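Scroll down for the structure; my scribbles are underneath it.
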Amino acid sequence: MTETTEVPAPRQIFSTLALVLAIIFAGLMAYIVFAMGNEPEELVPEIKAGIRARLVIGGPGTGERPDFSRPLGAAIDDQGRIYVADTGNDRVCVFDPEGNFLFEFGGRGIAKPAPGIMATWEPGLMNSPAGIDVDENGDIYVADFRNDQIQVFDSEGKFLRRFPDPLEKVGRGASGYGGTGIAVTGIEVTDGHVYATDSYQVVVFTTNGEFVRQFGRPGTAATEMDRPNGLAVADDGTIYLADSNNNRVTALASDGTPRWVLGAPVFDLVEQVDNEFGLPRDTAISADNTILVIDAFRFEIVELDRSGKVLNRFGERGAEPGGFNFPNAIDVSDELVLVTDKGNNRVQLVELVGR
Amino acid sequence: MAKYTILCALLLTVFVAPAFGFDEMSPPTGRACSECHGLDVGETTLTVQSVRPRQGPHGGYTSGTQKCQTCHTIHNAPLGSIMLLPAPSIRDTCVTCHDGTGGKGVYGTLAARGVEATSGHRIEWTNLVPGGGSTGGAQAKTFLGMGGLLTCSDCHSPHGVDTVQPFTGDRIRVSAPQAFPTTAPEAVVKTDRLLKRRPTTATRSVDVYGSDWCAACHQGRLLASHPATNHPITSNPTNTAGVRYDWIRRVSAANTASTEWGTLGASNRGFVMPTQTVPPRQAPICQQCHEDPRSVGNDPARPQRISTLAGFNEEFRITAADGAVATDNPRFQMFPHESAVPRLLVEDFDSLCLNCHNP
């Protein structure tokens, strides 16, 4: 007698398989919907190379452009509100201290078209916004890089004014297209003044837009600059400039007189070994009165004392929370540090551990 | 079964050991990378020591630098990139820095002025080369971009390896003045633009950024390849003295239409002019007709009306400095990347021809 085994019908097997797949698919969809949105990430506070990420924001998470595109600038105000210059999307996005999206303003507008082309700029429109800062009144200052001007908005994003006139020569001249306006990348607002970096110089205005002074010229001497991108101004008026393509940070008196220089342009093999920076792009003053420098090519924050001595280095390359990929700008609020993590299309609010 | 286990273990040893041989505990240095990788330039693998010293991440790798890690990760490359780069494609990687705020921006500057690019080298868009066939006509090539498309590294060596002879740039740059001593404001700054001697698909190495360099890909545009349909141009094979790309007829001063012989690098002065390169009269080189759109010079004895970027006709006259002083704007150097003028020509319409041909 032959023993027989009952074999399930193929239809039964496929039905079971389909049910399993359906459960897996439903679970995956639920995960995508509830866990992978652009809500600010709930972070387990791991420490990476001295960095503990508190908040990671990849964009508003809503609307036609839910994600940032190569953001170059970010600022945080005294209430913890976060402002992001979303360069590739020609807009500014505003978030609350928990990283929740509040509103955005901007949109593309060309103020200085080529001859024969119609200008499309209207108040509030932007063309590659780069640096951004907020004054004590909550007004928002945006470096409208490719429009060669600075725009000012109130705390709700309403346009207030712009300066300089991008079609007029500024002082003895600047690097705007056609020799007018300023090719502004970095911006710092303090004590009623706006400090802006041009391709080879620093230009100072009042917050109302009146030209005050300018200093710097192309070159590598201490009084000269090569594509400075960010700066911070201390209470005593000292300017800490990230002289990016000269690979250095320069402390300048308010009239542009150099006080010290850390780092150097690199031209031969010997000098390269000990250079302090890879590509410093921005600076900020910490709550402890130290200077924080964001280094895009070394993916780190360098902490200096006020005399230019290196105290600490924080951070490393990475795409996970706490890691950086070509970080570009830095700002400070109390003990937290805001970093524009351009290569990862996000901003991060981080804590520096072990200082 | 045991023999299969041993075989697997041997295979693992052979193929995996080199990876474990990498010292991950020591601080990362350029030397660590080059010891395994070298720098591949086609037929020859060069050591980093043979690469020219250079500011920034494009060359000058030594045991004390960390330049490799600027663009390459060792593990966990983000965004599914290739070659452990920080962005999904080669173009995106280059644009990370070359956005105009620090690294020189080459794409996007026209769009920032509301101008649509009508010609250019369309990166990661095409694999067709106009005049790429040996006797003229377009020809498909296999480039280095994904899918065989043309990309930045087809023409430029991001590692600064085996590049053309430095030439006088057509606009002054603030970078590297020590490397190439200058006297402001009429400074002369030389650069090789990281141009490969052997652009992708080239069959021979080209030392000078002149007609022959362009013909490395556009070989069908050389006079010899198809005399009946090509404009005569000067190339090394037709000029035993060699091409002096940087010896040109240039504007002699601001606010004038007078010209003089001189090198590039001065103000607008600084652009290639449409007269012959070296006396006695020779054919032009490619870059004399194909360059950034602008007001080009002509014979002051025969003033001409020329077209500008906007298409207006006006007499050629330099009215502002262009590239020699601090207030100049070097962001608008786009050639040969993109142009508002068709076929990457320096001018369009009859003006281009009339610069040399006076009926």
Side-chain angles (χ1 to χ4, degrees), chain A residues 70 72 87 110 112-120 127-128 130 145-147 169 172-179 183 185 199-201 217-220 224-227 229 244-245 247 265-269 272-275 278-279 281 296-299 317-319 325-326 328 342-344, chain B residues 30 49 53-57 60-67 69-71 73-74 76-79 86-87 95-97 99-103 108-116 172-179 182 184 308-312 320-322 325-332 340:
Chain A
R70 298 183 185 276
L72 283 175
T87 310
I110 299 169
K112 295 176 70 176
I117 305 293
M118 289 284 290
T120 58
N127 192 356
S128 294
F145 171 55
R146 289 197 187 276
N147 279 339
K169 185 178 176 181
R172 58 178 161 78
S175 301
Y177 175 47
T185 49
S199 296
Y200 311 110
Q201 60 188 335
R217 49 167 296 190
T220 57
E224 298 172 333
M225 304 167 194
D226 186 1
R227 305 289 178 140
N229 264 271
S244 302
N245 285 16
N247 283 3
V266 178
F267 295 108
D268 64 58
L269 299 178
Q272 293 177 30
V273 176
D274 297 320
N275 210 43
L279 186 73
R281 291 281 288 192
F297 279 0
R298 294 191 181 161
F299 316 99
R317 186 178 214 156
N325 195 15
F326 299 101
N328 194 74
K342 178 181 71 171
N344 284 326
Chain B
Q49 285 75 17
R54 186 182 292 274
Q55 184 180 9
Y61 313 107
T62 74
S63 59
T65 58
Q66 299 180 30
K67 294 183 170 189
Q69 286 81 2
T70 299
C71 297
T73 60
I74 297 174
N76 301 325
L79 306 171
V95 171
T96 298
C97 295
D99 62 357
T101 64
T109 48
L110 278 176
R113 300 295 157 219
V115 179
E116 185 176 349
I172 189 174
R173 301 288 182 179
V174 69
S175 302
Q178 282 97 331
T182 62
T308 65
L309 181 64
F312 303 138
D322 189 358
V325 297
T327 54
D328 290 345
N329 183 352
R331 285 186 291 160
F332 290 86

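Proteins get letters first, then strands, A, B, ... in listed order; numbering begins at 1 in each. Remember, it's a predicted structure, so these values are computed and weren't measured experimentally.
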* Asked: Do the non-hydrogen side-chain atoms of A:R146 and B:T109 ever get within less than 4.5 Å of each other?
  ->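 Yes - at least one pair of side-chain heavy atoms lies under 4.5 Å apart.
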
* **B:T73 side chain reached by A:R317 side chain, heavy atoms, under 4.5 Å** =>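 Yes, side chains in contact.
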
* To do: Mind checking the CD-CZ spacing from B:Q69 to A:F297? Nearest 0.5 Å is all I need.
  =>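 The CZ atom of A:F297 is 13.0 Å from CD of B:Q69, to the nearest 0.5 Å.
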
* **Pairwise distance CZ(B:R113) to CD1(A:I117) - rounded to 0.5 angstrom** =>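 Between atom CZ of B:R113 and atom CD1 of A:I117 there are 12.0 Å.
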
* Asked: For B:T101, does its backbone N or O pair with a side-chain atom of A:N229 as donor and acceptor, under 3.5 Å?
  -> yes

* Return yes if some donor-acceptor pair links the side-chain N/O of A:R227 with the main-chain N/O of B:G100 below 3.5 Å, else return no. => yes

* Taking only residues two or more places apart in sequence or in another chain, which ones pass side-chain contact (heavy atoms from CB on, under 4.5 Å) with A:N328? ->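 Residues passing side-chain contact (heavy atoms from CB on, under 4.5 Å) with A:N328: A:L72, A:R281, A:K342.
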
* Atom group of A:T185 that falls short of 4.5 Å from chain B, counting heavy atoms ->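 Side chain of A:T185 only, per the 4.5 Å heavy-atom cut-off to chain B.
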
* Proximal component of A:F326, with respect to chain B [non-hydrogen, under 4.5 Å] -> side chain

